[in-house]
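When a ligand or atom number is given, it counts from 1 through the structure's own listing order. Computation of the quantities below employed the complete heavy-atom set of this structure, encompassing side-chain atoms and omitting hydrogens, waters and symmetry-equivalent molecules. Keep in mind that this is a model prediction, so the values were computed, not measured.
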Amino acid sequence: MDEVSKKRVFSGVQPTGKVTLGNYLGAIRSWKPLQEQYECLYCVVDLHSLTVTQVPAELRKNTMDLVALYIACGIDPTKSSLFIQSHVHEHAELAWILDTIAYVGELNRMTQFKDKSRKHADNINMGLMNYPVLMASDILLYQTDVVPVGKDQVQHLELARDLAQRFNARYSDTFVVPEGHLSKSGQSIKSLQDPTAKMSKSDPNDNALISLTDDADTIRRKLKRAVTDSDTCVRHGADKPAITNLLNIYTLCSGVSMADAEKSFEGKGYGEFKDAVADAVISVVEPIQAEQKRLLADKAYLESVLKQGADKASYLAQKTLSKVYRKIGLIPRIR
Ligand code: ATP
Ligand code: LTN
């Protein structure tokens, strides 16, 4: 397929803390194969992470760690644009315009806003409420066709679609209305300590999550401590949320089907099963860690990737933003 007729993909992760196995299986892993079919833009959304309090030095480190992680997970900078959100100033500018057509009522109803307001009751800032508008701006700025995200982001994607349609209806066709792309079984990896909650990188209980930076012993220990269900049988089902979650992780990391996995653990206890889950997770995580470490030692290379990514993204972003400004009646600057 030639470059012009390829559909466009955009996705991003926030550089907040340690990326979890949930982020990887639910989102980042699906990015690599998309590169063959689509023109992809993968972004480290640093402006989003400011909606919760950040320590500047940590934010800086987390951002570069995430850039290296994207590449270690198979994002090929010669195929896709990999960049940092704050390097392309149009994201914040389009967000302002979209703010003027987004309603307080609809933002106030967003599940993530309600959750995060509860978790950060001392810092319910306007950015937290505007978070989905900035996300819509990320997506609409590139005339994105497809957005790969985990299940928890579906509501935000709906808002991006609504804002695109609202703008198009008011000012004539301007934005592509994006579609979501949910990875099948990885769409929600649950906490190891509470299988009704999602595995989240900001969980204060470190035993609830597997971080992509955890070493083999830590992964084994966390899985040993993972909660289980009341009987001792290894099978999936709505009545067995904890084992279903571990089976999900196992099948996604090993490539074994659910039916084969259940058969192979028939009559075996949770101990043996958890060991096998740990082996499967370690075999996925270790090569990524080695590659990320190698990349982080080559700062010049990472900087060249980011420069190239931001140049390409800026070009596309600027095209959309000037179209938007023109349509709403702002006078273009004479150069
Ligand atoms: P935080 O805990 O700070 O809210 P997070 O772990 O939810 O962070 P994000 O940066 O918000 O991570 O999400 C990055 C991507 O990972 C999104 O596409 C999101 O849908 C996906 N994702 C996050 N958690 C999970 C999970 N437990 N299972 C599957 N996908 C997930
Ligand atoms: N809100 C997303 C991260 C994100 C994103 C995006 C994902 C910000 N902008 C644009 C896809 C497309 C999250 O995963 N928490």
Checklist entry - Would a hydrophobic clustering, with Ile, Leu, Val, Met, Phe, Trp and Tyr connected at side-chain separations under 4.5 Å, put V154 with V177? => result no

Checklist entry - Can you list the ligand 1 atoms lying under 4.0 Å from a non-hydrogen atom of V13? => result 10 (O), 14 (C)

Item to check | Close side-chain approach of L192 to I210, heavy-atom, < 4.5 Å | outcome: yes

Item to check | ligand 1 contact on A27 by region, counting heavy-atom pairs under 4.0 Å | outcome: side chain

Checklist entry - Which of the atoms of ligand 2 are close to Y131, meaning less than 4.0 Å from one of its heavy atoms? => result 1 (N), 2 (C), 3 (C), 13 (C), 15 (N)

Checklist entry - With backbone taken as N, CA, C and O and side chain as the heavy atoms from C-beta onward, which portion of V13 lies under 4.0 Å from ligand 2: side chain, backbone, both, or neither? => result neither

Checklist entry - Checking salt bridge (charged side-chain N to carboxylate O under 4.0 Å, His left out) against D275, which of R220, K268, R221 comes through? => result R220

Next on the checklist: Can you confirm if the aromatic rings of H236 and Y250 lie within a centre distance of less than 6.0 Å?
Outcome noted: no

Next on the checklist: Test salt bridge (Lys or Arg N to Asp or Glu O under 4.0 Å) on E58 and K61; report intermediate values, then the result.
Outcome noted: CA-CA 5 Å; E58 281 175 16; K61 178 175 187 310; over 6 Å; no

Checklist outcome for this item: Atoms of ligand 2 under 4.0 Å from any heavy atom of S11, numbered from 1 in the order shown, are 11 (C), 12 (C)

Checklist entry - Has ligand 1 got any nitrogen or oxygen that is less than 3.5 angstrom from a nitrogen or oxygen of T20? => result no

Item to check | Single-linkage hydrophobic cluster L94~L134, side-chain heavy atoms < 4.5 angstrom | outcome: no

Checklist entry - Could D65 and K18 be called an ion pair, given the rule that one side-chain N must be under 4.0 Å from one carboxylate O? => result no

Checklist entry - For ligand 1, is there an N or O atom under 3.5 Å from any N or O atom of P148? => result no

Checklist outcome for this item: Looking only at non-hydrogen atoms, the one of D138, L141, V147, V9 nearest atom 12 (C) of ligand 2 is V147

Next on the checklist: Classify the ring geometry of H91 against F10: parallel below 30°, tilted from 30° to 60°, perpendicular beyond 60°.
Outcome noted: tilted

Item to check | side chain to side chain donor-acceptor pair (under 3.5 Å) partner of K222, the single match among D206, D217, N207 | outcome: D206

Checklist entry - Can a non-hydrogen atom of V149 be found less than 4.0 Å from any atom of ligand 2? => result yes

Checklist entry - How far is atom 13 (C) of ligand 2 from its nearest protein heavy atom, and which residue and atom is that? => result Q153 CD, 3.3 Å

Checklist entry - So among K312, Q35, E39, which one has a side chain to side chain donor-acceptor pair (under 3.5 Å) with S80? => result Q35

Next on the checklist: In this structure, does ligand 1 have an atom that sits under 4.0 Å from one of the heavy atoms of K116?
Outcome noted: yes

Checklist entry - Will you find, in the side chains of S314 and D311, an N or O donor that is under 3.5 Å from an N or O acceptor? => result no

Checklist entry - In ligand 1, which numbered atoms sit nearer than 4.0 Å to a non-hydrogen atom of G150? => result 18 (O), 19 (C), 20 (O)

Next on the checklist: If I apply the N/O under 3.5 Å rule, does Y131 come out as touching ligand 1?
Outcome noted: no

Item to check | G12 N/O to ligand 1 N/O under 3.5 Å | outcome: no

Checklist entry - Against heavy atoms of V45, which atoms of ligand 2 measure under 4.0 Å? => result 8 (C), 9 (N)

Checklist outcome for this item: Taking only non-hydrogen atoms of T16 and a 4.0 Å limit, the atoms of ligand 1 in range are 3 (O)

Item to check | Atom indices of ligand 2, in the order listed, that fall short of 4.0 Å to a heavy atom of F10 | outcome: 10 (C), 12 (C)

Checklist outcome for this item: Here the atoms of ligand 1 under 4.0 Å from any heavy atom belonging to Q153 are 20 (O)

Checklist entry - Is V133 reachable from V176 through a run of hydrophobic residues whose side-chain heavy atoms are each under 4.5 Å from the next? => result no

Checklist outcome for this item: In this structure, atom 3 (C) of ligand 2 is nearest to the protein heavy atom G12 O, 3.5 Å

Checklist entry - Less than 4.5 Å apart, any side-chain heavy atom of E262 and any of E266? => result no

Checklist outcome for this item: ligand 1 atoms nearer than 4.0 angstrom to some heavy atom of S202 are 1 (P), 2 (O), 3 (O)

Checklist entry - When you measure from atom 5 (P) of ligand 1 to each heavy atom in M199, K198, Q14, K190, which option holds the nearest one? => result K198

